[in-house]
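Data block below; observations after.
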2 protein chains.
Amino acid sequence: MDTTHEVLDFVHNGHERYLPHLSIDCVIFGYHQHQLKILLIRYHAHSKWSLPGGFIARDETLTQAASRILADKTQLHNLFLRQFHTFGDSPTRLNELGARQVHNTTYSKVGVTIDQNNWLADRTLSIGYYALVDYSDVIIKPEFLVDEYCWRDVNDIPSLLFDHNEIIETALLTLRSQMYQQPIGYNLLPEKFTLPEIHALYETILGRQFDRRNFRKKLLALGLIRQLAEQKKIGPHRSPFLYEFDSETYHRALEEGAVLGF
Amino acid sequence: MDTTHEVLDFVHNGHERYLPHLSIDCVIFGYHQHQLKILLIRYHAHSKWSLPGGFIARDETLTQAASRILADKTQLHNLFLRQFHTFGDSPTRLNELGARQVHNTTYSKVGVTIDQNNWLADRTLSIGYYALVDYSDVIIKPEFLVDEYCWRDVNDIPSLLFDHNEIIETALLTLRSQMYQQPIGYNLLPEKFTLPEIHALYETILGRQFDRRNFRKKLLALGLIRQLAEQKKIGPHRSPFLYEFDSETYHRALEEGAVLGF
DNA sequence: TTTTAATACGTTTATTTTACGCAATAAATT
DNA sequence: AATTTATTGCGTAAAATAAACGTATTAAAA
């Protein structure tokens, strides 16, 4: 939606294309060099930030909808994306009047008022998805109704609209718990990577430290990674070896789980 | 809904009370004496069985809706109940014509046809919840539109309506994975229970064996259970001691997780 | 050549898990 | 009353895993 005309059409006829009462909210975790951030957006004329989200088209699957919304925001495809919870308990979701006021602030940009009968004024449950991206790869495409974007550190999230703080909390718990069981987030590494790189990835996402030497032993023992003959040049220090994933073990671990057990 | 009149009102005016496009499906696991079963229902005039489910009232939270639906089916309250996934990918959910035919078979009982514009004919996503009950406690209340009920062993589930087989598969995976992390299912035991009782509970739900002696050591080491002075009389064999939960450790384990690690 | 800061590749110790052995006991059987 | 049977209680030894840590190697700069 890039023009006033498109937004007006969405407000008045969106319910023909999208399912009402349901939205998707995306917690997009952005990892880069020892930092884990979340993409937030600020809708027009709002002071509070929100999670990026969208609606489910009537003719697409739920997974397609989530992928499309994620791709719209990041311009990236085939990202790691997982559903984690559906939110329908918060008072801010039940209070239609409050939700309508929030929408009216946003849509004031196109001079339209969401009345009680508008489909956007309905009570809406939200299906939460989380994604993992390298935030240095993301190119934000400005959206008509969004004033600002930012990457905020997971430990420094401000008070957000609706129940979005709770959504982030649940997403982070899910991500961390799943990362202990499955080889998640490996799409954040290049094809060939060094031990310090994958080590930093784990430490950052899980928010704790791992002994370098035990970490290496564990991944090798699980057969998840394979050491290559090549080394990487990294400035003034000893050159670390490059590793690659053993794709068979990797995919088996994704399906059946491979307990890291640190 | 017990009468034709109530059903007709539901078909024609249900969208005023309930959110369209969304349903809740409940996988009700029934445990009893070394058996784990799932409650299935057969809607009027159908050959295939389904999961029990329902809709979300406009003025209740998602959790309230799931609890209400579960209580309606089992006549039991305060059961262990958890959301596990929202389903919106299956072709049987996207194909509105197919879904409408299924509804028409059911509602033929009251001589009404669901037309294309009826709210029940809309595409519907389903939020999956699972519950754990002692099936010997359950008193099924007959419903007007349901011809038959049954408890089927988890290892012997027939082909069900829509994507309900997939929903059960996901529920079972979730239940088992969560049971390794948290003290789940303890509401299936009496206040004071014996080691063989809790041992059988774990073996049955997780579908594998645990060494009796190591199992006891583990639960005691975690501080989850406390041995009492009392013993239980069990016919012709040695009297087992009774145990109770340490409620502090128990609740901490529910929140923070306590890895069983067998 | 020495220094610095990083990686590589161990070894040792502690802890946890797994596999069993065997005595105790309640009631039925001889 | 002793024996048998099926079960529970409690322990120990071995194996596997996790945690802690030592030290040589290496790349480049001082």
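Per chain, numbering begins at 1; letters A, B, ... match sequence-line order.
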Starting at atom [atom1] of [X], determine the distance to atom [atom2] of [N], rounded to an integer number of angstrom.
{"X": "D211(B)", "N": "dC22(C)", "atom1": "CG", "atom2": "C1'", "result": "14 Å"}
{"X": "R212(B)", "N": "dG9(D)", "atom1": "CZ", "atom2": "C1'", "result": "8 Å"}
{"X": "H199(B)", "N": "dG9(D)", "atom1": "NE2", "atom2": "C1'", "result": "14 Å"}

Pair of N/O donor and acceptor under 3.5 Å linking dA19(C) base with N214(B) side chain: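 Per atom types, the contact qualifies.
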Side-chain-base donor-acceptor pair under 3.5 Å for R238(B) and dT25(C): no
Residue closer to the 5' end of DNA chain C, L260(B) versus G235(B) (nearest nucleotide):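 Nearest nucleotide further toward 5': that of L260(B).
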Within the 6.0 Å centroid threshold, strictly below: Y250(B) and Y186(B):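 Between Y186(B) and Y250(B), which both carry aromatic rings, the centre distance is below 6.0 Å.
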Centroid-centroid distance, F84(B) to Y129(B), less than 6.0 Å: no
Can you see if the side chain of [X] gets near the phosphate of [N] - specifically, an N or O under 4.0 Å from OP1 or OP2?
{"X": "R216(B)", "N": "dC10(D)", "answer": "yes"}
{"X": "Q227(B)", "N": "dG9(D)", "answer": "no"}
{"X": "K218(A)", "N": "dA18(D)", "answer": "yes"}
{"X": "K217(B)", "N": "dC10(D)", "answer": "no"}

Residue R213(B), side-chain atoms from C-beta onward, closest of dC20(C), dA27(C), dA6(C): dC20(C)
Side chain of I234(A) (C-beta onward), nearest among dA28(D), dT7(C), dT8(D):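 For the I234(A) side chain, the nearest candidate turns out to be dT7(C).
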5' priority, DNA chain D, between L242(B) and H237(B) [closest heavy atom]: H237(B)
Stepwise side chain to side chain contact (heavy atoms under 4.5 Å, CB included) test for R82(A) and I184(A): CA-CA 11 Å; R82(A) 282 209 181 169; I184(A) 283 175; 4.1 Å; yes
Steps toward ring pair (Phe, Tyr, Trp, His ring centres under 6.0 Å) verdict (Y135(A), Y31(A)): CA-CA 6 Å; Y135(A) 69 75; Y31(A) 168 79; 8.2 Å; no
